[in-house]
Protein chains: 2
Amino acid sequence: MTSGRETAEGESSELKFERSCCPITNVLDTLGDKWTLLVIRDLMLGKKRYHELIASPEKIASNILAERLKKLEVCGLVTRCAYQWKPLRHEYVLTQKGKDLRPVLDAMRRWGREYYPGTMVFATLPPC
Amino acid sequence: MTSGRETAEGESSELKFERSCCPITNVLDTLGDKWTLLVIRDLMLGKKRYHELIASPEKIASNILAERLKKLEVCGLVTRCAYQWKPLRHEYVLTQKGKDLRPVLDAMRRWGREYYPGTMVFATLPPC
DNA sequence: CCGGATCCGGTCTGATACTG
DNA sequence: CAGTATCAGACCGGATCCGG
């Protein structure tokens, strides 16, 4: 695995990902954990706001959600923009790069449905 | 996330996965880490033996590889069978369930190639 | 030697509490 | 409500050990 992260001097830590020559390795460097793709699934389902994301049945912890959203923004999969100013509130929407992950999720969903039958929720994702 | 693992009494720990109603969640419960899909990629590339797997450029640690192979066997994605007796050596081959993950890896590879250009190794996986 | 198993320090995860 | 701080425990992975 390419060494995922390096910490800059001082207190600001900056994400930096090395490129592997294998595209799958690169994908797993950014998306290879339990939560990231789940957040993306929710965004594809049309959820946009923090409270919608955190209400998912998988019960992601608030710090993990915040961290993943930040990482996704850094990696260019998600953009964050304010939809309200008092108090300040943001919406998270998938970029094209993020939306293009749909075939990955579709393939996972198909495999999951085949081998873990009885799953019906999110059986088909709505169009972006 | 469904609580992945529970430890049985005594010292033998047993893997047990709960089912979520979302197929993607189930997939990520078993495959949602950096190494598992990479091992499956290697097996799809035709690698079968321990030393072939551990020689991959990503430099997986030996304990992690052994652990992942064990988990994949428990989950029914891989079968382990001896190919030699003195000394005892095993081969790891994908089951149909494992082979059926090909569309997932294909989708990842396609996305990775699009957004991390310059990746050429493993550009196309050979047929199983 | 090879295929693992064991050990162990460092990192990351995630439940909870906290803040504006 | 939208995040941040904290902290114990889980996990990762490098080094080492061991049986065949």
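The figures that follow rest on heavy atoms only: side chains count, while hydrogens, waters and symmetry mates do not. Letters A, B, ... are given to chains in the order of the sequence lines, protein chains preceding strands, and every chain is numbered from 1.
Spacing between atom CG of B/Asp33 and atom P of C/dC12 amounts to 15 Å, rounded to whole angstrom units. The separation between B/Trp85 atom CH2 and C/dC2 atom C1' is 17 Å, rounded to whole Å. Nucleotide C/dT13 holds its C1' atom 17 Å from the CD atom of A/Glu58, rounded to whole Å. Rounded to whole Å, the distance from CH2 on A/Trp35 to P on C/dC12 is 19 Å. Taking atom CD1 on A/Ile64 and atom C1' on C/dA15, their separation rounds to 10 Å, with Å as the unit. The CD1-P distance, from A/Ile60 to C/dG14, rounds to 8 Å in whole Å. Rounded to whole Å, atom C1' of C/dC1 lies 13 Å from atom CD of B/Gln84. Counting to the nearest Å, the C1' atom of D/dA2 and the CD atom of A/Glu91 are 14 Å from each other.
The minimum heavy-atom distance linking A/Thr30 with A/Lys71 is given by the pair O-NZ, 2.9 Å. Across all non-hydrogen atoms, the minimal contact from A/Cys21 to A/Pro23 is O-CD, 3.7 Å. Across all non-hydrogen atoms, the minimal contact from A/Val27 to B/Gly112 is CG2-CA, 3.7 Å. Residues B/Leu88 and B/Ala82 come closest through the heavy atom pair CD1-CB, 3.8 Å.
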With B for base contact, S for sugar-phosphate-only contact and - for none (protein heavy atoms under 4.0 Å), nucleotides 3-10 of chain C reads SBBBB---

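Within the helix from C/dC1-D/dG20 to C/dG20-D/dC1, the inter-axis angle between the opening and closing five-pair segments is 20°, rounded to 10°.
A donor-acceptor contact shorter than 3.5 Å links the side chain of B/Lys34 to the backbone of A/Asp29. In terms of modelled atom types and a separation under 3.5 Å, the side chain of A/Gln84 and the main chain of A/Pro87 share a donor-acceptor contact.
In this structure, B/Leu28 and A/Leu37 have side chains that are in contact, with non-hydrogen atoms separated by less than 4.5 Å. The shortest distance between side-chain heavy atoms of B/Met44 and B/Leu101 falls below 4.5 Å.
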Please table the atom pairs, donor to acceptor, closer than 3.5 Å between any side-chain atom in residues 89-96 of chain A and protein atoms at least two apart or in another chain.
from, atom 1, to, atom 2, distance (Å)
A/Glu91, OE2, A/Arg49, NE, 3.2
A/Glu91, OE2, A/Arg49, NH2, 3.1
A/Thr95, OG1, A/Gly76, O, 2.7
A/Thr95, OG1, A/Leu77, O, 3.2
A/Thr95, OG1, A/Lys97, N, 3.3
A/Thr95, OG1, A/Gly98, N, 3.2
A/Gln96, NE2, A/Asp100, OD1, 2.8

